[in-house]
Each structure stands twice: as C-alpha cells, then as structure tokens.
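To find a chain, count down the sequence lines: A is the first, B the second, and so on, and within it residues start at 1. What's counted below: heavy atoms across the whole structure, side chains too, no hydrogens, waters or symmetry copies.
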Amino acid sequence: MDKTPIIVISGPTASGKTSLSIDIAKEYNAEIVSADSMQIYKHLDIGTAKPDMKERDGIIHHMIDIIDPDENFSVAEYVEMAHDIIKDIREKNKNAVIVGGTGLYINSLVDDIDFRKDDSDENLREELNKICEEKGIDYLWKMLEKIDPVSAQRLHKNNTRRIIRAIEFYKMTGIPISKHQEETKKKVSRYDPCMIAIKWDMDKLYERIEKRVDIMIKNGLENEVRNLCEKGYTKSMLSMQGIGYKEMTDYIYGSCSLEEAVEKIKIGTRHYAKRQMTWFRRDNRIHWIDYRENILERATEILKENGYKTNNT
RNA sequence: GCCUUUGUAGCUCAGUCGGUAGAGCAAGGGACUGAAAAUCCCUGUGUCGGCGGUUCGAUUCCACCCGAAGGCA
C-alpha cells in the first residue's frame, strides 16, 4: 500500500512555524492542518498566536476554531478528524502541511496511533479522581500494580493523571494499557512524513518569547480574557488553562498584579518551549533548520530531496 | 552627622549557640499513547559585602570600611 506523503512542521513556540508553513503551502499547493491543542478553541486568538485571515493569506487552515471554550477535546478526536481532512486534501490533489507545537498530536497523527472508541470514560475518571482524594494516590498505584504491573513500574507515583488513565483504560477494555501501547507501536503508519523544524539557541528563542508576550499584551490579551470570563468561561475549563489565559484570569480576579501575570506568562511559555524541545529532540526524523539560514530556501531543499515539487517546477 | 536594621546561589530569604551552608522561585536535563499550553521526575560550591583582629579554626564573635533601608537631628 502506498503511504500518504505529508509535510510536517513542528518545533517550539515562537520558532516561526506559522509563517514558514504558509510560505510552504503557497509553493506546494497545500492546505494546512494545525496540530495545536489550544488553537482548536474559538475565541482564543491573541494568546494562542492564532494566525488571522491576513496572515493566512488565502491558505486554507483546518483544525483551528473548531470547538467552544467550554468543550473538552483530546488527541483521539484530533487524530480522527485530521485523518479525514488529510484524505480530503489528497483527493483534491493538494499537499497537506501539518503545523503545530503539540508533540502528542503530531506524533499520534504521523505514527498513526490507534485510539479505540471504547477505552475512555469521563465519569470513571472522575470517580477515580475522587478515590484518589479520599484514599491517596498510593491506593490507586497499588490497584494499578495488580492489573498492569508494567505500567505501574513505568509511572511515577506522583503522576496521578497517568495512573488514573492507566486504570481507566484497563477498566474499560479489560487489557493493560501497556500491552495496548506495545501493540500499537508495531503498527505501520499510513503516512510518509517529511518533518521539518526550526532550531534556535535557547537564549534567542527566549528573547522572541519575551517580545511575543509583550505584543500579545499590546494587542489586547487582557480584553480577550475579560470577554471570555464574562461569557462564563472559567479556569476549570481546559481552554482557560492555556498559557496566557490562566495567568490573565488570575489578574482579572485580582489575585496578582498585571506585571506579575505578564511575568508568569513569560516563564510559563519558556517552560513550555523547553518541554517541546525535549519532545522534538528525540525524533530523529526531523530535519532541523538553523534559524540563521534562509529558512524557506532550506525547507525547499529538504522537500525537494524528499520528492516534493513546487508549483513552478 | 548620630542611632537602628541589613548585606548568604541569578532572585526572595533560612541557617550555622564558632568546625566553610540550605529552601522556594529562576535556570538546566529528562519522561510522555484519549487533560499534553497538561502532568510528572532528576540536578544546589556560593570570594556567606571588604579588610583586619580574637581563635587550633570565623560566613558566624569584635573593630573599622563600603553598599542598602528606616529613624533622629
């Protein structure tokens, strides 16, 4: 079976993914599929650095603004929708450019990981959370050790979230999540990705983050979050836990000053960029482009080596 | 000018009844298969402001100097 070629642009925040992706989309007759866990939300624009229509410059963007801020979303849904979109794009004889910084989304899509329909249940998860509060995480960890010792060994006892997910998976499917993970690793992906990312010196990247956050403030992040709060969206929602949103909410409700909130946004974004780097660093399929190079030119070379042709060639 | 408080890790500060020091934050590294902008793990030597004195030994006590904050003139 022929694999579907896809162009993937990943990397840390503020590395220049968006503008590179649009340039590439123009040259390669492509549509863009975002892989960003926050840009999927409507009304979260400034803080997520969502490209506006002018920036998109006529290029079709998918997986942006697809749900309301009070809705939950997950990788499983992401992957399911993205597969269909890519299929449609290909049927139009266009290229698909996947762009985003959410490593889990990128890898789940590119590696074509299976998410079963029946292995998740929010009520059960809530129930387990309650048990954790009452009896402590040790109790849950021991429970997991009995049903899935492999996962129990792998998971640190403080990582409540993952422990609960592992138990949840077993209760829903009757098989240990560790076993499921091993099986899905063997699966051959339907995609043939050409992966590109822009590499920055961290201090340079941090400078960009600093500037970018200042611009967000200038562009009215406070107002954006105020509107969200007025619409009734609260910090308990996933969307409002995004960097920039949770800190601004704290400021709006008076638990810190604006300066403190801005500083926290900068720190949070730095931490995020660092985590993204540890995620992407280990993927040896990625072609890293140094920020000092002519990025589009270099990307074009890489794509050419991988059999992609521009509109002009 | 005098009095008081203060000077310890990039920052905020503990501490050593004299045996050369430790937290939080920052920073660095790592993990990651249905919350992932989330969640979690690992990493702490720094002229203890300067110069002397006492002492076997001073960051700790004493004197002086320099810097900071406050008070009195």
Asks: When all nucleic acid strands are considered with a 4.0 Å heavy-atom cut-off, which category describes His180(A): base, sugar-phosphate, or nothing?
Replies: nothing
Asks: Please measure how far the P atom in A63(B) lies from the corresponding atom in U6(B), and state the result in whole Å.
Replies: 14 Å
Asks: Can you tell me how the ring of Tyr78(A) sits relative to the ring of Tyr105(A), calling it parallel under 30°, perpendicular over 60° and tilted otherwise?
Replies: parallel
Asks: Please give the distance between the C1' atoms of U16(B) and G46(B) as a whole number of Å.
Replies: 15 Å
Asks: What integer number of Å spans the C1' atoms of G7(B) and C48(B)?
Replies: 10 Å
Asks: Tell which nucleotide pairs with C40(B), taking only Watson-Crick or G-U wobble pairs whose two distances are both under 3.5 angstrom.
Replies: G30(B)
Asks: When you measure from the side chain of Arg275(A), which nucleotide among C40(B), A27(B), U33(B) comes out closest?
Replies: C40(B)
Asks: What does U4(B) pair with, Watson-Crick or G-U, if both distances are under 3.5 Å?
Replies: A69(B)
Asks: Can you tell me, in whole Å, how much space there is between the P of U8(B) and that of G15(B)?
Replies: 14 Å
Asks: So which nucleotide does U12(B) pair with, by the Watson-Crick or G-U wobble rule with both distances under 3.5 Å?
Replies: A23(B)
Asks: Using the P atoms only, state how far U47(B) lies from G22(B), rounded to an integer number of Å.
Replies: 15 Å
Asks: Sticking with atom C1', work out how far G52(B) lies from C66(B), rounded to a whole angstrom.
Replies: 14 Å
Asks: Is A58(B) paired to anything, Watson-Crick or G-U wobble with both distances less than 3.5 Å, and if yes, which nucleotide?
Replies: none
Asks: Tell me what Thr269(A) touches on the nucleic acid: a base, only sugar-phosphate, or nothing, going by heavy atoms under 4.0 Å.
Replies: nothing
